[in-house]
Amino acid sequence: PPMIREGLAERAITLTLDASVRHREGYRLEVTATGIRLAASREAGIFYGLETLRQLLAMAPDSVPALTIDDAPRFSWRGAHLDVARHFFPVAFVKRYIDFLARYKLNTFHWHLTDDQGWRIEIRRYPRLTEVGAWRKETIVGKNFDPYIGDSTPHGGFYTQDEIREVVAYAAERHITVVPEIEMPGHAKAAIAAYPELACTPGPFEVWTRWGVADDILCPHDATFAFLENVLTEVMELFPGPWIHVGGDEVPKTRWKASAVAQEIIRREGLADESELQSWFIRRIERFLSSQGRRLIGWDEILEGGIAPGAAVMSWRGTAGGIAAAREGHDVVMSPGSHLYFDHAQGPEQLEPLSIGGNTPLDRVYGFEPVPAELSPAEATHILGAQANLWTEYLATPDQVEFMLFPRLLALAEVVWSPASAREWESFIRRLPAQLALLDRLGVNYRVPHVEGLELDRLTLSDTAVIELQSLLPAGTIHYTFDGSAPTPAAPVADAPLRLPVRDSTVVVTAAVFLPDGRSSPVRSARFSRTTLRSAERIAPGRVRPGLAVTYHPATFPNARAVTGRRPAFRAVADSVARTGRERAETYGLRFSGLLRVPADGLYEFSLVSDDGSVLSIGGAVVVDNDGWHSETERFGMAALAAGLHRLEVTFVQGSGGASLRASVRRPGGAWEPLAGAWLAHLTAR
Ligand code: TNX
């Protein structure tokens with residue numbers, strides 16, 4: 001009840017539970033000359049209002065500006081996940097992680113507690129789960145899969161039930177629900193190592209020391225269900241929230257195919273195959289959980305072979321699984337690898353610390369839209385929200401986890417809280433430095449944003465290249481070298497534009513941002529060279545037609561350069577550099593060839609965005625090299641071109657996973673435009 005009424009307490013902070021603030025997590029914050037008033041219909045809203053106030057005070061400790069904020073979240077599932085199975089993290093860090101979530105008004109902590117490499121939760125009835133399953137004899141070093149190299153260092157740990165209760169209570173005080181994940185039937189080698197009778201083959205089994213997808217999974221016999229029900233019963237005692245995550249991802253069917261027990265169940269239950277057996281498995285667990293008043297959530301593989309009624313889906317292999325589930329009336333949490341996997345690198349993989357790979361920079365996270373345009377408004381109500389996943393194969397320490405989490409968590413916070421219309425990248429970037437300064441005070445090991453100005457190898461037509469290196473952070477100092485080595489704080493400081501003498505040779509600039517506390521950004525580097533205009537081709541105008549010629553080559557190519565021009569499955573004319581929509585094979589190459597129409601003499605910039613690789617050449621010389629199998633990555637290049645027509649070629653390779661291709665061009669002093677329409681031409685056959 002409101003204890004202090006307006007006017008009674010001058011310059012006080014009053015917190016009021018007020019049913020007129022409608023949203024269950026919303027709040028209204030008013031700062032006036034007479035005081036600060038915060039109202040919400042429930043405690044959660046008060047909590048979020050205080051987090052906002054805390055941020056305002058941190059930005060302007062002496063004078064919070066007068067303002068009124070009427071605020072409420074867009075989504076009810078605002079989540080972040082932490083994998084404590086691949087590497088174990090102590091309770092103190094788990095609490096710190098929860099604090100991070102709370103600061104940015106997330107309300108769901110998905111705790112990935114079991115996997116092939118470790119079982120991390122004490123289960124009283126099955127002590128071997130933690131005596132045996134919580135420990136592995138060593139861990140693979142880097143990516144040394146073949147030949148395998150281990151570190152000969154035992155790794156492990158687990159949370160006692162008391163510790164779990166402590167964490168759950170800690171989260172609850174911060175209005176965060178903890179969703180435990182117990183993986184089944186795959187990603188369960190640690191459990192099988194402890195209790196080999198859970199497998200379809202006799203074993204013995206070891207807690208896994210490498211990463212990937214293991215063939216040894218739980219056998220679908222009665223012993224496994226008795227085990228799982230007992231485990232889940234203890235789990236439900238510890239986690240009072242509505243949701244239990246049962247994994248369900250990446251389940252190889254090798255063992256079930258060879259198992260008489262599994263095959264007998266398929267016959268007995270009239271199932272079509274092993275994938276229906278998996279769906280039967282999850283359905284059985286779903287019945288058990290719903291009989292206990294809980295809701296099952298699983299990775300999108302639980303859709304295969306038919307989804308259990310009442311189950312919710314966490315869409316990680318893109319958004320397609322989420323779309324399918326929402327259309328069938330199931331609740332969905334969006335967590336696509338393409339945008340919300342915080343174990344992926346925060347820039348081109350080879351320029352970032354060792355990670356599982358990928359390229360998910362801050363702007364990609366910020367641009368994620370949880371509600372797919374394909375869904376009708378009714379279907380869209382099934383999108384509960386979104387969450388980021390932080391898998392820890394390559395993250396062994398809290399510092400490394402914080403590096404991958406920040407600043408991407410700040411982008412996620414806006415994706416799941418703010419209305420889509422309020423999201424604006426430029427505004428986010430403007431506000432970011434102050435947020436990072438706050439993180440400095442908390443001692444957070446966020447990724448210091450890299451130096452800007454080295455995105456591409458630059459060409460100039462004069463003897464001197466003038467370049468301006470920039471840091472997003474006012475407190476950051478840019479140090480650089482000319483010898484290709486990574487700069488140290490002893491290297492020269494780039495506090496003014498650099499004038500590079502490029503008349504006689506190329507200059508390589510390598511730079512990083514350093515903060516006062518000694519931390520630094522990933523290193524970036526680019527080459528600066530003098531060039532001359534490439535002269536245009538001599539072509540009779542009558543032979544030129546609009547668009548590029550494109551050929552399609554269904555085959556597996558190691559990279560875009562290898563895409564051959566011979567024997568295409570089809571030929572077409574393309575009016576832009578993009579996939580044609582007619583590609584049917586899983587792996588293929590595309591080759592665009594023709595002419596670039598250059599309107600005036602000058603230096604032109606080109607960009608290629610692709611998943612997987614792409615290469616753009618002009619007159620036979622590579623201008624943008626975005627080659628290799630990789631997730632969606634943007635690369636840039638430059639060319640000095642005389643007005644007229646130039647030979648243009650773009651090749652693209654589709655290897656695995658998602659597929660995308662976009663090309664853009666920027667004329668001197670201009671803005672980016674799609675490489676399409678009037679820019680493109682090709683020759684008719686003579
Ligand atoms: C796939 S995401 C997995 C995890 C890995 C992750 C690495 C999911 C449901 N399964 O087991 O850690 O990729 O990015």
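These figures come from a predicted structure and were not determined experimentally. Atoms within each ligand, like the ligands themselves, are counted from 1 in listed order.
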request  = On the 0 to 90° scale, with breaks at 30° and 60°, tag the F281-F225 ring pair as parallel, tilted or perpendicular.
outcome  = tilted
request  = Look at atom 3 (C) of ligand 1 and say which protein heavy atom is nearest, naming residue and atom and giving the distance to 0.1 Å.
outcome  = E250 OE1, 3.4 Å
ask   = Among protein heavy atoms, which sits nearest to atom 8 (C) of ligand 1, and what does the distance come to when rounded to 0.1 Å?
value = D249 OD2, 3.2 Å
H187 to ligand 1, any heavy atom closer than 4.0 Å = yes
query = N/O to N/O below 3.5 Å, does that happen between D343 and ligand 1?
reply = yes
request  = Heavy atoms only: give me the nearest P449-S521 pair and the separation to one decimal.
outcome  = O-CB, 3.4 Å
inquiry  = Considering both backbone and side-chain atoms of D83, is one of its nitrogen or oxygen atoms within less than 3.5 Å of a nitrogen or oxygen in ligand 1?
reply    = no
query = For the rings on Y159 and W111, is their centre-to-centre separation under 6.0 Å?
reply = yes
query = How close does the nearest protein non-hydrogen atom get to atom 5 (C) of ligand 1, and which residue and atom is it?
reply = E393 OE2, 3.3 Å
task = Compute both the distance and the angle, then confirm whether R174 meets the cation-pi test with Y170: under 6.0 Å from the six-membered ring centre, within 45 degrees of the axis.
result = yes
task = May I ask which of W391, W211, Y394, W316 has a heavy atom nearer to atom 4 (C) of ligand 1 than the others do?
result = W391
ask   = Should the pair H87 and F89 be assigned to parallel (<30°), tilted (30 to 60°) or perpendicular (>60°) ring geometry?
value = perpendicular
ask   = Under 30°, 30 to 60°, or over 60°: which ring-plane class applies to Y588 and F652, parallel, tilted or perpendicular?
value = tilted
ask   = Would you say ligand 1 has an N or O under 3.5 Å from any N or O of R86?
value = yes
inquiry  = Can you tell me how the ring of H81 sits relative to the ring of W299, calling it parallel under 30°, perpendicular over 60° and tilted otherwise?
reply    = perpendicular
task = Please write down residue, atom name and distance for the protein heavy atom closest to atom 2 (S) of ligand 1.
result = Y341 OH, 2.6 Å
task = Using a strict 4.0 Å cut-off to heavy atoms of I356, name the atoms of ligand 1 that fall inside it.
result = 7 (C), 14 (O)
